[in-house]
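Since the structure comes first, as structure tokens, the remarks are kept for the end.
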Amino acid sequence: MHWMMWIFWGSLAAVFAGAYLVDFLTRGKYSFNKKEKTLNQNLAEAEAQREVGRHNNQGGGMF
């Protein structure tokens, strides 16, 4: 059972070391800060807003 502990902690350390290595090699290129939306995302959001407006039941329609 002692070998299971070494496999578990060794694989966990390898994941953290790999993540640090990828971050170091890419020089923090992949950050999770909010980025500006692309044109396609803006168009999709506008289309979704129009769809919500079409199906809005607050106008006193039939139930």
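Residue-environment remark: CE (Met4) stays at or below the threshold of 12 foreign heavy atoms within 6.0 Å.
The structure places CD of Gln49 at 11.5 Å from CD of Glu51, a figure rounded to the nearest 0.5 Å. Remark: Leu25 CG to Tyr20 OH distance equals 10.0 Å, nearest 0.5 Å.
Cluster annotation: Trp6 and Trp9 are assigned to the same hydrophobic cluster (Ile/Leu/Val/Met/Phe/Trp/Tyr, side-chain heavy-atom contacts under 4.5 Å, transitive). Leu12 and Ile7 sit in two unconnected hydrophobic clusters of ILVMFWY residues. Membership requires side-chain heavy atoms under 4.5 Å apart, directly or through other members.
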